[in-house]
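Note that the numbering runs from 1 along the sequence shown for the chain.
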Amino acid sequence: MTPPAEELPGNVAPPMSRPSPEERPAPEERPAPDERPRPAERPAPDERTRPALQRIVRIGRPMTGRLLLAVLAGVAAAGSAVGLTATSAWLIARAAQRPPVLALMVAITAVQTFGIGRAAFRYAERLAAHDAAFRILGELRVHVYRHLERLAPAGLAAFRSGDLLARLVSDVDGLADLWLRLLLPYAAALVVAAGATVLVGWLAPAAGIALGITLAFVALVAPVLAGAYSRRAERAVAPTRGALAAATVDVLAGAPELLVAGAAGRTIDRIGRTDERLAAAERRTAAGGATGALFSGIATGAAVWCALVAGVLAVREGALGGVGLAVVALTPIAAHEVVAGLVSAAQHLPGLAASAERVVDVLDRPEPVHEPDAPLPLPPGPYGLRVRGLAARYDPAGPDVLRGLDLDVAPGGRLLVTGPSGSGKSTLAAVLLRFLEPSGGTVQLVAPGGPVDLVRLAAEDVRRVIGLCAQDAHVFDTSIRENVRLARSDADDAALRDALRRAQLGGWVDSLPEGLDTRVGEHGARLSAGQRQRLALARALLADPPVVIFDEPTEHLDEATAAALTADLLAATAGRTVIMITHRPELMEAANWSGTVDLGSPESRAAR
């Protein structure tokens, strides 16, 4: 699916991919900075000490009015159901005495009113409750997505993609039950149950006491007893579902490699075992729900029998009429029907807590970059870069991936950065793009008005002038037009064709029957490796950043194709400041470089 183009900054190349495994020990956990564009979304320190479910509930505070409306409609619907049963019982019993019809008119009207009101209020309750719950989930999903956006890419190293997707979709969606099946039903049921208890107690005090006890048992005790059986399984459902999603995504993404290596069967077996654990947890959860339903049924029967016994005794003593006995005997059935669903709803509370913890874990993940409280304005170009004593790490307790790095590239210059895998090349790109905070040293943007530290600029401003063309830039399953337009949503076809021409794809696109509308397949499956890289270059050229970083642009290409692509990259970025990151310096010998930095040299290794 293609994300909306307007979600990307106006002239920034699409975000870089994650660093290689050798360069990525773990995400750095730094004190969370204040978020400049949306300070209200940053949880306060004391907020993080609250239980996860309580924090999720607090997100719904702006919907309090809609939630109260849903509670009132739910009370009216459940009250109409109880009133319908009570008035029907009175009407039938009184009609058996053959009174004048006019004596029954009020009861007949009440039955009609309660019957119509139950349906109308139930519809209103569903409408208001779902509207409020979906609005809350929408706001929560926006919170999570915006935080993920600020974490990417360095801060997402701790998550597997499938598990992260499960948190954003399944766990957030499941939290709708917190309002729809737990909070709102409990609020409405407790009010109606109290009213039914008062009604029955007014007619027969002993029956009212019995009804109150059984209703309290179903609403408060039965969920605890049922949950004791399935609590551990309920909490395991969300994490296991996330593990299953992560394993499934991994298999789909690596299917060709697994088939070639003969490991597909073993991998699928592991997925099957994970699915069996999920099914076992769900079966145990269902068994807990059945246990709760059993308790609810027993309590309902006990309430009816107690009401009958107490009612008959009251009739014998003359404290209750025969018509009133029918009301006392049948009202407990309707009252218990209102609270019967609370057992299964409360049983899901551990699972909801687990989902809330997984969502809150994402929201509390520290951002890898500090945004300045008062960012400096972006100076006018042209721009160069100056790095002194740079150190960077992903794990605050681990070693520096980079340490003591110095480099200079003048405006319009070209710098070659080489080194073996794991030497910190992609980490350097992450620091320059403000995807990762330096742990030491300085990085400055050199402008005619003087150098400015990158840490004093807003990250969006930095990425407005520094673009990236990564080795594995993502290609979306859509048209060539939409893939290139990600860099600038307002670009017309003329600008797109110019970027493609400069990336040496113009003739190929013109030869296609559908031209710019040609679909490239999932992950660019219909393109060659060189075409995918040139498509990423076209994005960077369309974004038109003054400084361009090429991160391993010739990876996975043969020498002839890599040499041709390198020549095209340098020709297309003439006049811009270029940093070329590669572990194949032999392909770059023909270029006229302003300077070179070897991160694999003995001096660099000694500094680390």
Which donor-acceptor pairs under 3.5 Å do the side chains of residues 203-223 make with protein atoms, sequence neighbours left out?
from, atom 1, to, atom 2, distance (Å)
Thr214, OG1, Ala210, O, 3.1
Thr214, OG1, Leu211, O, 2.9
Thr214, OG1, His336, NE2, 2.9

Nearest-0.5 Å distance, [atom1] of residue [X] to [atom2] of residue [Y]:
| X | Y | atom1 | atom2 | result |
| --- | --- | --- | --- | --- |
| Phe134 | Arg141 | CZ | CZ | 10.0 Å |
| Leu330 | Ile92 | CG | CD1 | 8.0 Å |
| Arg463 | Leu433 | CZ | CG | 7.5 Å |
| Thr478 | Arg519 | OG1 | CZ | 4.5 Å |
| Asp477 | Glu482 | CG | CD | 12.5 Å |

SB check [X] [Y] (cutoff 4.0 Å):
| X | Y | value |
| --- | --- | --- |
| Asp461 | Arg464 | yes |
| Arg55 | Asp364 | yes |
| Glu149 | Arg146 | no |

Using only atom types and a distance under 3.5 Å, with no angle test, would you say the side chain of [X] pairs donor to acceptor with the backbone of [Y]?
| X | Y | value |
| --- | --- | --- |
| Arg241 | Ser170 | no |
| Thr64 | Arg61 | yes |
| Asn483 | Val475 | no |
| Arg485 | Ala491 | yes |

Measure across [X] and [Y] and return the closest heavy-atom pair with its distance rounded to 0.1 Å.
| X | Y | value |
| --- | --- | --- |
| Leu184 | Ala129 | CD1-CB, 3.5 Å |
| Leu168 | Val144 | CD1-CG1, 3.7 Å |
| Glu371 | Ala459 | OE2-CB, 3.2 Å |
| Pro332 | Ala329 | CD-O, 3.6 Å |
| Leu363 | His147 | O-NE2, 3.3 Å |

All N/O donor-acceptor pairs, side-chain side in residues 175-182, below 3.5 Å, sequence neighbours left out:
none

(request) State, yes or no, whether a side-chain contact exists between His370 and Val455 at a heavy-atom distance under 4.5 Å. (result)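 Not touching, per the 4.5 Å side-chain cut-off.
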
(request) Using a 4.5 Å cut-off on heavy atoms from C-beta on, say whether the side chain of Val57 contacts that of Leu183. (result)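 Answer yes - side chains close enough.
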
(message) Using the rule given for side chain to side chain contact (heavy atoms under 4.5 Å, CB included), can you reason through Val339 versus Tyr186, listing the C-alpha separation, both sets of side-chain angles and the distance that settles it, and then say yes or no?
(response) CA-CA 8 Å; Val339 301; Tyr186 252 96; over 6 Å; no

What residues, two or more places apart in sequence or in another chain, satisfy salt bridge (Lys or Arg N to Asp or Glu O under 4.0 Å) together with [X]?
| X | value |
| --- | --- |
| Arg270 | none |
| Arg122 | Glu125 |
| Arg434 | Glu437 |

(message) Can you confirm if the aromatic rings of Tyr145 and His143 lie within a centre distance of less than 6.0 Å?
(response)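 Ring centroids of His143 and Tyr145 are no less than 6.0 Å from each other.
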
(message) Using a 6.0 Å cut-off, check whether atom CZ of Phe295 has over 12 heavy atoms from anything other than its own residue.
(response)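 Yes, the 6.0 Å shell around CZ holds more than 12 heavy atoms from other groups.
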
(message) Taking atom CD as the centre, does Glu282 end up with more than 12 heavy-atom neighbours from other residues, nucleotides or ligands that are less than 6.0 angstrom away?
(response)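 More than 12 within 6.0 Å, yes.
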
Please output the side-chain donor-acceptor pairs of residues 65-85 that fall under 3.5 Å, not counting sequence neighbours, one pair per line with the distance.
from, atom 1, to, atom 2, distance (Å)
Arg66, NH1, Asp131, OD2, 2.6
Ser80, OG, Ala76, O, 2.7
Thr85, OG1, Ala81, O, 3.2

(message) Taking side chain to side chain contact (heavy atoms under 4.5 Å, CB included) as the definition, give me every residue that meets it alongside Ala110, ordered by chain and number, with sequence neighbours left out.
(response)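 For Ala110 the side chain to side chain contact (heavy atoms under 4.5 Å, CB included) partners, ignoring immediate neighbours, are Thr87, Phe114.
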
(message) Holding to side chain to side chain contact (heavy atoms under 4.5 Å, CB included), I want the full list of residues that pass it with Ala107, two or more places apart in sequence or in another chain.
(response)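 Side chain to side chain contact (heavy atoms under 4.5 Å, CB included) list for Ala107, sorted by chain: Trp90, Leu91.
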
Partners of [X] by side chain to side chain donor-acceptor pair (under 3.5 Å), sequence neighbours excluded?
| X | answer |
| --- | --- |
| Arg277 | Thr274 |
| Arg118 | none |
| Glu357 | Arg235 |

(request) Might you work through the salt bridge (Lys or Arg N to Asp or Glu O under 4.0 Å) test for Asp361 and Arg167, ending with a clear yes or no? (result) CA-CA 10 Å; Asp361 178 51; Arg167 294 174 189 243; 3.2 Å; yes

Listed pairs under 3.5 Å, donor-acceptor, residues 297-313 side chains, sequence neighbours left out:
from, atom 1, to, atom 2, distance (Å)
Thr300, OG1, Ser296, O, 2.9

